[in-house]
Amino acid sequence: LAGMGIAEWKLRPEAKPARQERLGILQVAIIFPGGMLFVIGALLDTEQLLTLNVPLLVIGVILFLIRNGRPVLRQRWAEPASGRLYAISVPFLVINISLLAYLIALLAAANFDFTAVPLGVVLAMDHAVFIGVIANLNFGMIYDASNARQRASGWLEHVLFWGLNVGLVGFLAGLILESAPLKRVSTPLMGTAILVGIVVYSLRIWGRADAPVQTPAAEPTG
């Protein structure tokens with residue numbers, strides 16, 4: 001839900017029409033209870049609560065896509081800027097909810113025996129939201145905070161964006177398919193891209209913090 005809020009804030013910063021605002025309230029009112037049902041159902045081992053959360057989350061995601069799909073489709077994916085980092089988080093939101101629904105289906109087929117569920121599906125669901133959504137959104141906001149539009153080299157933005165996301169897709173596929181070669185190839189690609197982004201963006205922010213503050217010249221008196 002937090003990822004949806006940040007993505008919408010950055011993808012559509014302009015004022016929303018009244019209808020969009022109402023749909024946004026409805027979206028939150030559906031997704032938040034759905035998430036709580038999953039948490040409570042898992043803690044209490046209640047099958048009905050676990051299964052009930054899936055249609056709520058699916059409806060909430062559909063509302064989110066209706067409201068925010070257009071800026072994602074119009075995104076310039078080859079442009080080394082923060083917009084594509086915000087936009088790519090949306091497909092990973094869909095992947096996360098899809099994996100959650102798949103997880104619930106596997107649990108239902110196994111009579112809700114958690115030990116019968118492949119660990120790779122659980123890990124893929126977690127990585128889809130923590131890296132695909134949160135990491136992309138964080139890097140987008142760091143890009144903006146570092147005033148990178150004026151100093152972006154281009155190569156770093158491409159290394160970060162494509163390395164992180166192509167590597168993540170391969171890693172998710174490796175987890176779900178239980179393919180060790182896929183995980184061995186995609187993990188260093190994804191990890192290296194993230195480390196490069198952390199180091200270079202940190203240097204940019206520090207450089208901006210060390211920059212002298214420009215104060216207006218004092219007006220002459222008398």
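Fair warning: this is a prediction, and the values are worked out from it, not measured in the lab.
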Q) Measuring from Y201:OH to L160:CG, what's the distance to the nearest 0.5 Å? A) 5.0 Å

Q. Among W162, F139, Y143, which one satisfies side-chain contact (heavy atoms from CB on, under 4.5 Å) with E157?
A. Y143

Q. If you measure from CG on L175 to NE2 on H127, what distance do you get to the nearest 0.5 Å?
A. 6.5 Å

Q. Do L100 and M36 share a hydrophobic cluster (ILVMFWY, side-chain heavy atoms under 4.5 Å, transitive)?
A. yes

**Q.** Atom of A128, atom of L172 and distance for their closest heavy-atom approach
**A.** N-CD2, 4.1 Å

Q) Which other residues end up in the same hydrophobic cluster as L56, if Ile, Leu, Val, Met, Phe, Trp and Tyr are linked when side-chain heavy atoms come under 4.5 Å apart? A) L23, L26, I30, L37, I40, L44, L49, L52, I59, L63

Q. Is atom CD of E178 surrounded by more than 12 heavy atoms (other residues, nucleotides or ligands) closer than 6.0 Å?
A. no

Q. For S89 and L137, which heavy atoms make the closest approach, and how far apart are they?
A. OG-CD2, 3.5 Å

Q | Donor-acceptor contact present, side-chain R84 to main-chain Q75, <3.5 Å | A | no

Q.
Using 0.5 Å steps for rounding, measure from the CG atom of L57 to the CD1 atom of I62.
A. 11.0 Å

Q | 4.5 Å side-chain heavy-atom contact, I131 and F92 | A | no

Q. Should V54 and V58 be marked as a side-chain contact (heavy atoms from CB on, under 4.5 Å) after you check the CA-CA gap, both sets of side-chain angles, and the distance that decides it?
A. CA-CA 6 Å; V54 174; V58 170; 4.2 Å; yes

(Q) Would you say V61 ends up clustered with F32 if hydrophobic residues are merged whenever their side chains have heavy atoms under 4.5 Å apart, either directly or through other cluster members? (A) yes

Q | Between CD1 on residue I176 and CD1 on residue I95, distance to nearest 0.5 Å | A | 8.0 Å

Q | Atom pair CG/CZ of L43 and F38 - distance to nearest 0.5 Å | A | 9.5 Å

(Q) Quick one: does any side-chain atom of N96 pair with a main-chain N or O of M125 as donor and acceptor, under 3.5 Å? (A) yes

**Q.** D126 (side chain) donor-acceptor with L123 (main chain) under 3.5 angstrom
**A.** no

**Q.** Any side-chain heavy-atom pair of P71 and R74 under 4.5 Å
**A.** no

Q.
How about OH on Y102, more than 12 heavy atoms from neighbouring residues, nucleotides or ligands closer than 6.0 Å, or not?
A. no

Q. Do L195 and L203 sit in the same hydrophobic cluster, where Ile, Leu, Val, Met, Phe, Trp and Tyr count as joined when their side-chain heavy atoms come under 4.5 Å apart?
A. no

(Q) Using only atom types and a distance under 3.5 Å, with no angle test, would you say the side chain of Y86 pairs donor to acceptor with the backbone of E8? (A) no

Q) Between G140 and S82, which heavy-atom pair has the shortest distance, and what is it? A) O-CB, 3.6 Å

Q) Which atom pair, heavy atoms only, marks the closest approach of R12 to N68? A) NE-OD1, 2.9 Å

Q: Taking all non-hydrogen atoms of both residues into account, name the closest pair between L106 and P118 and its distance.
A: CD1-CD, 4.0 Å

Q: Can you spot which of V200, I198, V199, I194 makes a side-chain contact (heavy atoms from CB on, under 4.5 Å) with V196?
A: V200

Q | Heavy-atom pair of closest approach, residues L182 and G170 | A | CB-O, 4.0 Å

Q. Should L73 and L85 be regarded as members of a common hydrophobic cluster, given that ILVMFWY residues are connected when their side-chain heavy atoms come within less than 4.5 Å of each other, either directly or indirectly?
A. no

Q.
Rounded to the nearest 0.5 Å, what separates atom CZ in F161 from atom CD1 in I88?
A. 4.5 Å

Q. Honestly curious: do L1 and I6 fall in one hydrophobic cluster under the side-chain, below-4.5 Å linking rule?
A. yes

